[in-house]
Amino acid sequence: MTIKRIAVLTTGGDAPGMNAAIRSVVRYGIHNNLEVMGVFRGWWGLINEEIKLLNHRSVSGIINQGGTILKTARCQEFETKEGRQRAFQTVKKNAIDGLIVIGGNGSFTAAHIFYQEYKVPCIGIPASIDNDINGVDVTIGSDTAINTALNAIDNIRDTATSMERIFVVEVMGRDSGFVALTVALAGGCEEVIIPEKKFDLKSMCHEIVNGNIRGKISWIIVVAEGAGNAEEIARKITEITSLETRAVVLGHIQRGGRPTAFSRELAIRLGRYAVDCLLKGEAACVVGLSCNKIVTIDLEVAIKKKEVNVEELYNLVKILT
Ligand code: F6P
């Protein structure tokens, strides 16, 4: 099939660098004589035909912006057969030959189902601060998010050291300890609590008290949101150790902000590669970086749970404390 018109959408949680990916898809698509349509608000926009033709100028001035000019959403309607049927009508009506889906695990799971049902070629570009796409080393936005969280932790370290306090800092990651582990290591934090690993609060408190006796008086404990609640952990630490403890929840500030050079470069390269995949007749795959090379991974493989070896980083955090 000759590809003449493609559509691009962003779905799920936004990630810094999505705009750079959109810009790359649009301009590289036009360079290859394609028409590129933008779908607004992810799958919802496909269901409700919120879609428009983009041109070179539509993506001007966005390369340095976080978020996504196409907007994004988590769309429950697309989980239903009726919703996907309506989305397919939009695809047919607008003569769309292929979709480029910029998002994370949930987005690709939806794309996989849609492809199986309607055989509309779908190419995924991994963009998520959670870095949770199987077969891919790093997702667009994850580098920016960890640097944002790290800046905050560096600031907290100043006050933690000066006031000799314990801080519990909650970072994003419902099912993934990626942000927590990376910033704990890079920020020289004393403890990290992640969903992938069992955690014993009492023994940590024991270590804090022992450290305190030896003269170690400030601690930063990083907790991934899926592994516990910072306020609650801080309260329990004070209860057990009688030491003053503060909680900080970094929340959505980690998802916004200017993408780093790495997030942008990755987004630009993957955007181009995704268009090339459609032109070559590929369907149902994800493009991504693996061992420093851009590769394609079958959608059905990419949506499997990413097995991460957390032990190495986790142990290093503990050893270097
Ligand atoms: O996009 C991934 C993520 O930021 C997770 O780390 C987090 O658990 C979740 O999204 C939060 O989603 P929402 O913004 O819908 O509350």
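Just follow the structure's listing: the first ligand is 1, and inside any ligand the first atom is 1. Sequential numbering from 1 along the given sequence is applied to the chain's residues. Quick caveat, the model's predicted, so the values are computed rather than measured. Just so you know, these numbers use all the heavy atoms, side chains as well, and skip hydrogens, waters and symmetry mates.
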query = Are Glu265 and Arg269 close enough for a salt bridge, meaning some N to O gap below 4.0 Å?
reply =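 Salt bridge: yes.
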inquiry  = For the residue pair Ser263 / Thr144, report whether a side-chain donor-acceptor contact shorter than 3.5 Å exists.
reply    = yes
Contact summary for Arg27 and His56, nearest pair of heavy atoms = NH2-O, 2.9 Å
request  = Just jot down the ligand 1 atoms closer than 4.0 angstrom to any heavy atom of Gly13, in number order.
outcome  = 1 (O)
query = Has ligand 1 got any nitrogen or oxygen that is less than 3.5 angstrom from a nitrogen or oxygen of Glu225?
reply = yes
request  = Run the numbers for me: atoms of ligand 1, each under 4.0 Å from some heavy atom of Gly173, listed by number.
outcome  = 6 (O)
query = Any side-chain heavy-atom pair from Ile129 and Phe178 closer than 4.5 angstrom?
reply =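 Heavy-atom side-chain distance check fails, nothing below 4.5 Å.
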inquiry  = Among all protein heavy atoms in this structure, tell me which lies nearest to atom 16 (O) of ligand 1, with the distance rounded to 0.1 Å.
reply    =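 Going atom by atom, the protein heavy atom closest to atom 16 (O) of ligand 1 ends up being His252 NE2, 3.7 Å.
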inquiry  = We want to know whether Tyr314 and Glu196 form a side-chain donor-acceptor pair, criterion being a heavy-atom distance below 3.5 angstrom.
reply    =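 Checked: Tyr314/Glu196 side chains show no N/O donor-acceptor pair below 3.5 Å.
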message = With no hydrogens and no angle check, just 3.5 Å: does a side-chain donor-acceptor pair link Asn48 and Glu77?
response =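 No.
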key: Gln254 and ligand 1 - part of the residue with a heavy-atom distance under 4.0 Å   =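 Neither part.
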inquiry  = As an exercise, identify every atom of ligand 1 less than 4.0 angstrom from a heavy atom of Asp130.
reply    = 2 (C), 3 (C), 5 (C), 6 (O)
query = Got an N/O contact under 3.5 Å between Arg74 and ligand 1?
reply = yes
task = Report the nearest protein non-hydrogen atom to atom 4 (O) of ligand 1: residue, atom name, distance rounded to 0.1 Å.
result =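 Checked against all protein heavy atoms, atom 4 (O) of ligand 1 sits closest to Arg255 NH1, 2.9 Å.
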